[in-house]
Amino acid sequence: ANKALHRADVLDKQFAQLKETVETETKKKDYSHKELSNAINTYSKSLEDSSQASIPYWRRDDLRKQVKKLKDSLDKLDRDRKAAVLTEVVDEAKRLIEATPNATFIVHEFKALSSGKALDGAVKQYKNLSPSTCCMFLSVDEDAGKILAMSNVPKESVTIGLKANEWINNIQDLINGKGGGKDMSAQATGTNTSCLQEAMEKSTAFAQKKLGIAPAPSKLKVESKA
């Protein structure tokens, strides 16, 4: 009986540590929902392990309820975070346009996770507020193991030589992705999430070459019209 009570006390302490970890990590904007979910699932499995059969039933049942409550809370935070992504990305796109209106092109990473809708929202801001800007937007979602790329090119830039589908194709193998599109609009989804910086540099060089823009002496995401 003493061993059973001691084991229950250990499980209580482990849950308290788990709860503290979840609460601390979720205060960070870039926390990993996948890692925290795995930690909760691991604890839940240990709670149901046959070696815990001797602990008082009421204590096990109470811990089950607390685990479920913690998991539900984590899932709600993740849903809320994803719902806020679109607003955050659109607002950031507006700030970029205000900072460099009518740029020739932009290559930029948004914290859109794996939300194509959010990236498309940024594209629409440029189409409406800076229609002459060629856009290449990327986003990485480490939890989902995905990298997104979306390009939009106005007609006048297509005639010069930059096509959205070719711009995407230029990095498609690098990101280990699949996708497609047309001259003015294209996108791809890949699995090589570690290549973001290289993909951005490669996209910048490609746009400069096709638009006849000399590379800047320092690395810039946005090239303004002369």
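All values below were derived from every heavy atom in this structure, side-chain atoms included, with hydrogens, water molecules and symmetry-related copies excluded.
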Side-chain (S73) to main-chain (K69) donor-acceptor, under 3.5 angstrom: no
Residue pair Q172 / A188: nearest heavy atoms and the distance that separates them: OE1-CB, 3.9 Å
L74 vs H33 side-chain heavy atoms within contact, under 4.5 Å: yes
Joint cluster assignment, V10 & V67, ILVMFWY side-chain distance < 4.5 Å: no
T189 and I147, any side-chain heavy atoms less than 4.5 Å apart: no
Polar side-chain atom of T100 near backbone of I97 as donor-acceptor pair, under 3.5 Å: no
Partner of E198 under side-chain contact (heavy atoms from CB on, under 4.5 Å), chosen from I171, L174, N192: L174
Side-chain H-bond candidate by donor/acceptor type, E166 with N170, under 3.5 Å: no
Sequence neighbours excluded - salt bridge (Lys or Arg N to Asp or Glu O under 4.0 Å) pairs with any residue from residues 111-126: E109-K111, D120-K124
Any side-chain heavy-atom pair of L138 and Q197 under 4.5 Å: no
For D62, the option from Q66, R60, R59 that meets side chain to side chain donor-acceptor pair (under 3.5 Å): Q66
Under 3.5 Å: donor-acceptor pair, side chain of S139, backbone of L148: no
Y43 side chain to L11 backbone, donor-acceptor under 3.5 Å: yes
Residue pairs fulfilling ring-ring contact (aromatic ring centres under 6.0 Å, His included) with at least one residue in residues 73-96, sequence neighbours excluded: none
K202 atom NZ: more than 12 heavy-atom contacts under 6.0 Å: yes
Full working for side chain to side chain contact (heavy atoms under 4.5 Å, CB included) between N165 and D183: CA-CA 6 Å; N165 52 354; D183 290 353; 3.9 Å; yes
Test log, rule salt bridge (Lys or Arg N to Asp or Glu O under 4.0 Å), inputs E25 and K28: CA-CA 6 Å; E25 289 299 311; K28 304 175 184 178; 3.1 Å; yes
Heavy-atom donor-acceptor pair, S185 side chain to K182 backbone, under 3.5 Å: no
Side-chain touch E92/H108, heavy atoms, less than 4.5 angstrom: yes
Donor-acceptor under 3.5 Å (S44 side chain, I40 main chain): no
CG on D141 to OG on S32, rounded to 0.5 Å: 9.0 Å
Side chain to side chain contact (heavy atoms under 4.5 Å, CB included) between I213 and F105, worked out: CA-CA 10 Å; I213 300 173; F105 77 91; 4.0 Å; yes
Smallest separation among heavy atoms of L70 and F15, with atom names: CD2-CE1, 4.0 Å
Pairwise distance OG1(T204) to CD(E201) - rounded to 0.5 angstrom: 7.5 Å
Between OG on residue S46 and CG on residue N41, distance to nearest 0.5 Å: 11.0 Å
M184 to K155 - nearest heavy-atom pair and separation: CE-N, 3.7 Å
N/O donor-acceptor pair under 3.5 Å between D143 side chain and K34 backbone: yes
Validation row: L162, F206 side chains within 4.5 angstrom (heavy atoms): yes
Interatomic distance, K163 atom NZ to N169 atom CG [nearest 0.5 angstrom]: 11.5 Å
Side chain to side chain contact (heavy atoms under 4.5 Å, CB included) evaluation trace for K76 with D72: CA-CA 6 Å; K76 183 180 184 303; D72 289 346; over 6 Å; no
G161 versus K210, closest heavy-atom pair with distance: O-CD, 3.4 Å
C134 side chain reached by W167 side chain, heavy atoms, under 4.5 Å: yes
D61/K65 ion pair, N-O < 4.0 Å: yes
From CA spacing to verdict: salt bridge (Lys or Arg N to Asp or Glu O under 4.0 Å), R79, D75: CA-CA 6 Å; R79 289 193 299 271; D75 289 343; 5.2 Å; no
Rounded distance [0.5 Å steps], CG in D91 versus CG in L86: 9.0 Å
S114 versus A144, closest heavy-atom pair with distance: OG-CB, 4.3 Å
Transitive ILVMFWY side-chain link V90 to M150, under 4.5 Å: no
Hydrophobic cluster identity match, L211 and M136, side-chain contacts under 4.5 Å: yes
Heavy-atom check, side chain of D12 versus side chain of L63, under 4.5 Å: yes
Donor-acceptor pair, side chain of S130 and main chain of N102, under 3.5 angstrom: yes
Qualifying ring-ring contact (aromatic ring centres under 6.0 Å, His included) pairs with a residue from residues 127-147, counting only residues at least two apart or across chains: F110-F137, Y126-F137
Straight-line distance of K178 NZ to Q187 CD, nearest 0.5 Å: 15.0 Å
Salt bridge K13-D9, side-chain N to carboxylate O under 4.0 Å: no
